[in-house]
Structure formats: C-alpha cells, structure tokens
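Let me begin by presenting the structure, written as structure tokens, before commenting on it.
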Amino acid sequence: MAGEIGVAARKVAVVGGGPGGLYAAALLKRLDPDRDVTVWERNAPDDTFGFGVVLSDETLGGIEHADPQVYRALQREFVRWDDIDIVHRGRTLTSGGHGFAALGRRTLLRILHERCRALGVRLNFRTQAPPAAELAAGHDLVIAADGVHSLTRAAHADVFGPRVTPHRCRYIWLAADFALDAFRFEIAETEHGVVQLHGYPYARAGSGPEHPDGASTVIVEMREEVWRRAGLDRCDERESAEWCAKVFADALSGRPLRSNKSAWTAFRTVVNARWSHGRTVLLGDAAHTAHFSIGSGTKLAVEDALALAACLAEQPDLPAALAAYEAERQPVVASTQRAARASLAWFEELAEYVDQPPRRFAFNLLTRSRRVTHANLRLRDPDFVAAVEEEAGVPDGTPPMFTPFRLGGLTLRNRVVVSPMDMYSADGDGTPGDFHLVHLGARALGGAGLVMTEMVCVSPEGRITPGCTGLYTPEHETAWRRVTDFVHGRSPGTAIGVQLGHSGRKGSTRLMWDGIDQPLPDGNWPLVAPSALPYRPGVNQIPHALTEPELGGIREQFVRSARSAARAGFDLLELHCAHGYLLSGFLSPLTNRRTDAYGGDLAARLRFPLEVFDAVRAVWPAERPMTVRISATDWAEGGTTAEDSVEIARAFAAHGAAAIDVSTGQVVPDEQPEYGRSYQTPFADRIRNRLGVPVIAVGAVSSWDDVNSLVLAGRADLCALARPHLYDPHWTLHAAAEQGYTGPGATWPLPYRAGSRTPPTGRTDAPKPRLTLG
C-alpha cells in the first residue's frame with residue numbers, strides 16, 4: 001500500500017502516453033531514480049493521430065534546463081523557420097522574424113519513449129489503464145494525461161468541474177510529403193464558402209528514408225455550414241483528403257495529402273474548475289485545451305509536466321505540491337486559452353475579413369490572438385508593418401492611433417476616446433461642478449481626440465445616484481457650458497461629447513464607493529422600466545412598468561436634454577443604450593417582458609430606443625454626429641447575443657448613428673463575462689466588418705500598442721479607454737512621447753510643451769571597462 005498523501009510521491013501512475021504524460025514520467029524518474037513510475041497507453045507505441053508538433057523557444061528553454069539529454073535529442077530533429085506566408089486571392093504576403101520549431105509527433109514520442117526506458121519508467125502499451133480511483137488506492141500519485149476525452153475527468157466531474165465548449169468550425173489533420181518553406185495560412189473562397197489551410201514543415205528534406213522530401217502538417221478548417229454544403233459530412237477519410245488536396249492544389253503543387261485515421265472534428269475548449277482530486281491530478285488536454293491555431297496543445301502539456309515535477313520537488317507534501325501546481329499553471333493556461341479563443345473566433349468569422357485590403361488582411365490574421373501586436377510585429381518585421389501602414393494611408397512616422405478620423409461632420413485628430421466614466425461627484429441637484437471641470441479638462445489637455453462625459457441624466461428620476469450629473473435645468477446647461485468652453489479654448493482640436501441616458505431600474509442607488517447598485521438608505525425615488533422587474537430581487541425596488549403615454553414623456557425628456565446639450569456646446573451626442581439602463585432595458589429580452597408593441601421580438605424591443613434616437617436626432621444639429629452605446633451581449637443565457645448586436649447596430653446606423661460604441665454586459669447581475677485583454681473588442685470587430693459601420697471599441701484596451709493594433713487591423717475605428725485615463729490624464733500625450741511622435745495627432749498644450757519628452761530616470765552612461773586582462 002502506498003504512503004499517505006502527505007508523503008512524497010514514491011509510486012506514480014501515469015494514465016496516457018502522449019507527450020505530456022511521457023515527459024512527466026521521465027522528469028519524475030530523473031528527479032528520483034528510486035521512484036516507481038508506470039505509464040499506461042491504450043494505443044501502440046507508434047500510433048499517433050497528428051503529424052507535426054510546434055514548440056516555442058520558451059518551452060524548449062524549460063526542457064533544456066530540466067533534461068538536457070531530451071533537449072539535445074529534440075534539437076537534432078527540429079525544423080526551424082522564421083517566415084509566415086499568408087496566401088489569399090492569388091497573392092502571397094510574407095512576414096518574417098517569428099521563430100518556430102517543429103518536429104514529427106511520432107519522432108517526439110520515440111525520443112520520450114527512449115528516455116523513459118533509459119530512466120527505468122515502465123511503459124505499458126495497448127493497455128487500458130485501470131480507473132484512476134483504483135490506481136489511487138495503490139499509488140501515491142496518479143497523473144491523468146488521458147487527453148481531451150479524459151475518462152478520469154469524466155469519472156470525477158463532480159470534483160473537477162469541467163466545462164466543455166464546442167465551437168463552430170470543422171477541421172481535419174492531414175500531412176503532405178514535402179516540406180513547406182514557411183508556416184502557411186492559405187484562404188480558399190469556394191462555391192460552398194471560405195476554407196482555410198494551416199500548414200507547417202515538421203521534417204526536412206533528406207532527413208531520413210521515411211521523409212525523403214520532408215513532411216508538413218496540413219490542417220484544413222471551415223465553418224460547419226460550409227463543411228456540410230461541400231458534402232464533407234458524407235465523405236470518408238480518403239475522399240476528404242482528396243477534396244482538401246484539390247482545393248489547395250497550388251499550395252501542394254498538385255501533390256496528394258496523406259491521412260492517418262484522420263476525421264473531421266469540431267474543436268472543443270476544455271476548462272476545469274479544479275485540476276486535482278486527492279492523489280489524482282489532471283495534465284495536458286485532460287485539464288485544458290487551446291485551439292491549434294496558436295500551436296499550444298503539446299506546448300501546454302509539456303509545460304504542465306515541467307511545473308508538476310518542480311512543485312513535487314519543491315513542496316513538503318503532495319497536497320501542497322498539487323496546490324502549487326494549480327496556482328502556477330492555471331493563470332498561465334487561462335491566458336493562453338483567452339488568446340486561443342480570440343484566434344479561433346477570428347477564423348470562425350473569417351468570411352467577414354476576406355474583402356479587406358491584402359496587407360491589412362494579413363496584419364489582421366497575424367494579430368488575431370492579441371498576443372502578437374503592432375509593436376512586436378514591427379520588431380520582428382519592420383518592412384512588413386511599414387507596408388501595411390502605407391496601404392492603410394498612415395503617414396510615414398505616424399503611429400496608426402494618431403491618424404485623424406471623420407465622424408459625421410466632426411474630424412477627430414486621433415483615435416483615442418476618453419470613455420464615459422461615472423464620477424458620482426455632482427452636487428445633490430445634478431449640477432456638474434469644479435470637479436467635472438478639472439476632471440474633463442485635464443483629460444482634454446491630455447491629448448485624446450474625443451473626451452466623453454459620464455452618463456448625463458435626462459431627469460431627476462433618471463439618475464443612478466444622487467451624485468450623478470444631469471442636463472434638465474438651465475443651471476445644468478450653464479455649468480456644462482463652462483466645461484465645453486474650457487475644452488475648446490484651452491485644448492483646441494479636442495472634441496467633447498455628452499452621453500445622455502436614463503437609469504431605469506438601476507437608479508436610486510448609493511454612490512459606487514458606498515455600495516454599488518445598493519438602494520439608498522433613505523430618500524429613494526420611484527423607478528421606471530420596460531417591465532416591473534427589479535435589478536436584484538429582494539434588494540432593489542420593483543420599478544413601475546412604463547405605459548405608452550409615459551414613454552412619450554421619457555422621449556421628450558431626452559429631446560429637452562439634447563437641445564440643452566447643443567446649446568451647451570458639445571460636439572457629439574451619444575445615446576446610452578447599454579449596461580441595463582432604461583433604453584438598454586428595452587433591448588434585452590431578459591429585462592423586457594412587454595406584450596405590447598414595445599416588447600416581443602428584437603424589432604419590437606428596438607422600437608422605443610429608435611423612437612428616442614429619431615427624436616433626439618431631429619433636434620441635434622445636423623453637422624454634429626450622434627453615436628449609440630450598446631451592450632453587445634448580456635453574458636447571460638437567454639439574453640442579447642452577439643448576432644442580436646449586429647442587428648441592433650444595423651438599425652441604429654440606418655437611423656443615422658455615425659458610429660456604434662460597443663460595450664457589453666451589466667444588464668443582469670448574474671452575468672458571466674469572459675474577461676481578458678481587449679475582451680469586448682471582438683464584438684465591435686464583428687459589427688464593423690459585417691456592416692461597414694464605424695465602431696468605438698471598449699473593454700480592457702489598456703496600451704497604446706493595443707490601440708495601434710486594433711486600428712491598423714481594421715477591428716475598430718476609435719478606442720475608448722477609461723482606467724488608463726484615471727491612472728494618467730495625459731495618457732495620449734505620453735503615448736506619443738513614448739513612440740517618438742510629434743505630429744498633429746498629439747499636440748501638447750503650450751504650457752506643457754517643455755514636458756513633451758520622457759524625463760530621465762537616472763544615469764545610464766557609466767564608463768565602460770577599458771581593458772580585459774586574461
């Protein structure tokens with residue numbers, strides 16, 4: 001019987017003989033030669049269902065330090081290349097400096113088999129492992145590396161908490177018996193729809209009798225509906241390979257594609273709440289998956305093995321080691337999965353991009369995961385990025401974020417927007433004061449092309465909190481005029497916009513720092529909404545469901561505030577139809593349960609927000625643009641979807657919106673957002689590229705590199721940033737200074753011009769050694 005969990009793992013069972021399981025076995029045996037390690041693999045030693053494997057320099061560095069012998073064996077077999085070829089509509093564009101290394105999966109397994117045997121690991125092939133619970137009774141540690149369809153994970157799903165998400169493309173792994181010159185993305189526009197090829201070499205020509213001309217992995221992928229229209233759902237393995245070879249005959253020079261038990265598969269993202277259960281721990285695809293388009297499956301599994309072995313060596317007992325393993329790996333994997341989801345979603349929406357100019361299309365593809373950006377692509381291949389910028393009309397020496405943009409009759413000097421941010425700092429009657437003058441004035445002096453107010457409320461009852469500003473009295477108009485006059489007078493070239501809204505069922509709450517969305521302890525005012533549904537049942541008050549005559553009154557409140565905003569000197573007006581406030585409440589099926597003409601299908605739910613928009617547009621000066629902020633998804637089952645958001649944007653654009661400001665969520669309290677870097681931008685991207693409507697992207701856009709990347713890729717026209725402008729009111733000017741830009745897109749106010757260069761932080765010119773004596 002094995003020792004207790006608190007004793008170092010002396011007897012280890014590994015379920016699954018893929019690269020992750022084998023490498024974990026080898027590492028654990030190498031760390032302790034007396035350790036008993038057994039691997040169970042249900043397939044034969046040379047069975048493999050992929051062809052090539054890509055590993056990053058970072059992963060290879062970890063292997064080199066942990067096991068130089070394995071590293072040297074891998075190094076002898078690697079095919080290395082720097083270029084990515086993107087082939088579309090008969091044109092090949094090449095970007096260099098990327099640095100890949102690949103080898104055959106069968107070769108990788110052979111190297112790991114040899115290493116395991118040399119170290120004394122027992123390898124059981126063609127043998128189904130006993131259940132993990134049974135193994136745990138006789139082993140100190142059970143490593144479940146049994147893949148995406150893990151039986152171990154399924155048997156203990158109540159503990160691991162798996163979430164498996166299927167996606168919308170079908171793909172097949174094939175091979176070509178020659179070495180491609182580079183990593184190749186090729187796009188084919190067939191009569192059935194768009195099909196893409198992902199290919200890379202994994203064996204050099206002359207590397208051995210098995211591959212005299214080398215070999216390449218070829219993955220063919222397409223949307224499910226394209227796959228069905230092409231009849232591939234009725235094709236066998238041979239017919240599928242022949243179809244793919246015919247579509248990509250030019251890339252293959254007419255040569256066939258080889259299969260190996262290859263089948264069309266829909267990719268599934270696997271996420272687990274926990275990775276360990278008693279003595280059992282998940283590793284590799286059993287714990288997580290990441291789409292092959294960022295080449296990370298084997299990489300993650302090998303890195304899991306490295307981390308698990310290190311934690312077992314460093315921690316005093318097994319529970320501590322497994323806890324440390326999860327703490328180390330889960331954030332890394334989550335980050336990779338976010339990038340992988342962005343990449344796979346880009347390919348799912350590929351048809352939206354094929355009409356982009358060729359170089360922009362290539363740049364968009366290369367930056368799809370948001371890990372490769374304008375700045376690091378420029379380091380890798382400055383000539384490629386310069387060509388993309390030239391095609392896009394970006395002046396030489398100008399970062400994309402500092403190009404002007406015309407929004408209706410308003411020209412913005414750059415692509416940066418100070419996002420609307422509720423400040424909760426108005427006087428008790430909704431009047432903006434010195435705080436707003438300083439807050440908005442400082443950000444206008446900071447160089448942004450457009451500075452937006454917080455949501456300015458159209459009535460006392462339409463406020464979120466007693467600290468929210470309004471625009472429904474002459475005093476409000478006068479106070480706002482003071483702000484716009486300052487911006488126009490002291491920061492010429494900066495535009496200032498007002499966001500008009502009504503809180504709906506989310507009103508009458510405390511200031512954010514006193515308890516966000518919590519009702520006031522006293523002095524509450526009655527709430528109105530499309531339907532009598534409280535924001536939080538039992539916490540927030542039940543709103544009054546507006547009648548049709550009352551809707552007319554609300555509409556007139558927006559009209560009155562819009563007239564006042566025009567007189568106050570605002571350059572742009574944005575209608576707030578997001579975040580669960582009144583107009584957003586009409587759009588979402590989760591908050592609009594009406595049975596009259598203003599509820600039901602999406603067209604009916606749009607009716608009142610469009611009526612308000614039309615009424616405001618009629619009184620807002622024709623030369624000044626109007627935009628609309630929407631929540632592109634509710635992040636909740638049964639709510640507004642990404643596809644709904646396209647139709648919502650289409651409707652507002654048809655009614656005259658100059659741009660759609662694309663946010664998400666905050667409509668219902670039980671939402672489940674998928675947070676991450678620039679996590680809301682794909683929704684803006686979809687609207688822009690499907691409808692051709694200008695969009696403002698928001699949501700964790702935090703760096704000037706993000707802005708440059710989004711603008712140059714054509715995913716957004718403007719980028720709205722909130723927290724970066726709270727951290728640094730002069731964020732835009734500092735972005736210009738850090739990029740060495742001094743043009744018209746970022747003009748320093750005269751009193752600040754002396755500070756337009758980054759100040760020195762310390763001496764860096766210490767004398768260098770003159771002599772070296774050996």
Side-chain angles (χ1 to χ4, degrees), residues 455-464 470-472 498-507 526-535 542-563 565 573-620 626-634 638-641 644-658 660-663 665-668:
M455 184 176 90
V456 176
C457 305
V458 298
S459 69
E461 300 78 22
R463 292 175 298 162
I464 308 166
L471 194 42
Y472 47 83
V498 62
Q499 186 188 69
L500 289 185
H502 187 297
S503 61
R505 70 175 188 161
K506 293 179 74 175
L527 303 181
V528 297
S531 303
L533 301 170
Y535 182 64
I542 299 173
H544 164 66
L546 289 161
T547 65
E548 287 197 33
E550 290 169 336
L551 293 178
I554 297 283
R555 187 170 57 246
E556 288 309 307
Q557 290 174 354
F558 275 93
V559 168
R560 177 190 62 196
S561 293
R563 285 195 175 105
L573 187 150
E574 180 165 282
L575 193 64
H576 201 338
C577 296
H579 300 167
Y581 298 123
L582 182 65
L583 298 181
S584 170
F586 277 89
L587 293 173
S588 172
L590 297 177
T591 51
N592 184 343
R593 305 289 176 79
R594 298 175 73 97
T595 57
D596 62 2
Y598 294 97
D601 63 14
L602 181 56
R605 299 197 306 274
L606 268 162
R607 187 184 305 272
F608 183 63
L610 288 174
E611 286 180 358
V612 173
F613 181 92
D614 290 343
V616 170
R617 181 68 272 185
V619 301
W620 183 246
M626 270 187 70
T627 62
V628 178
R629 174 168 279 206
I630 66 170
S631 283
T633 176
D634 292 343
T640 297
T641 66
D644 291 337
S645 73
V646 173
E647 297 310 311
I648 291 168
R650 190 194 307 275
F652 280 114
H655 282 245
I660 307 298
D661 186 357
V662 187
S663 186
Q666 301 181 51
V667 174
V668 292

Worksheet item: Would you say S531's side chain and A545's backbone share a donor-acceptor pair under 3.5 angstrom?
Response: no
Item to complete: Spell out, as yes or no, whether a donor-acceptor pair under 3.5 Å connects the side chain of R463 to the backbone of P460.
Response: yes
Worksheet entry | Any pair counted as side-chain hydrogen bond (donor to acceptor under 3.5 Å, both in side chains), so long as it reaches residues 575-585, sequence neighbours left out | H579-S663
Fill in: Where at least one partner belongs to residues 598-620, residue pairs that pass side-chain hydrogen bond (donor to acceptor under 3.5 Å, both in side chains), sequence neighbours excluded
R555-E611, Y598-E611, D614-H655
How far does [atom1] of [X] sit from [atom2] of [Y], to the nearest 0.5 angstrom?
X	Y	atom1	atom2	value
S631	I648	OG	CD1	9.0 Å
S588	R593	OG	CZ	8.5 Å
T627	L575	OG1	CG	8.5 Å

Hey, does [Y] have a side-chain heavy atom less than 4.5 Å from the side chain of [X]?
X	Y	result
V612	F586	no
F613	M626	yes
L602	P589	no
F652	C577	yes
I554	E550	no
T640	V667	no

Please name the pair of heavy atoms, one in [X] and one in [Y], separated by the smallest distance, quoted to 0.1 Å.
X	Y	result
R505	P543	CB-CG, 3.9 Å
L583	P609	O-CG, 3.7 Å
C457	I464	SG-N, 4.3 Å
L471	S561	O-OG, 2.7 Å
G599	A604	O-CB, 3.4 Å
V668	D634	CG2-O, 4.3 Å

Worksheet entry | Qualifying salt bridge (Lys or Arg N to Asp or Glu O under 4.0 Å) pairs, either residue in residues 645-657, two or more places apart | E647-R650
Worksheet item: Can you check side-chain contact (heavy atoms from CB on, under 4.5 Å) on T641 and T633, steps first, answer last?
Response: CA-CA 5 Å; T641 66; T633 176; 5.8 Å; no
Fill in: Partners meeting ring-ring contact (aromatic ring centres under 6.0 Å, His included) with Y535 (sequence neighbours left out)
none
Fill in: Residues forming a salt bridge (charged side-chain N to carboxylate O under 4.0 Å, His left out) with R594, sequence neighbours excluded
D596
Worksheet item: Who passes salt bridge (charged side-chain N to carboxylate O under 4.0 Å, His left out) against D661, sequence neighbours left out?
Response: R629
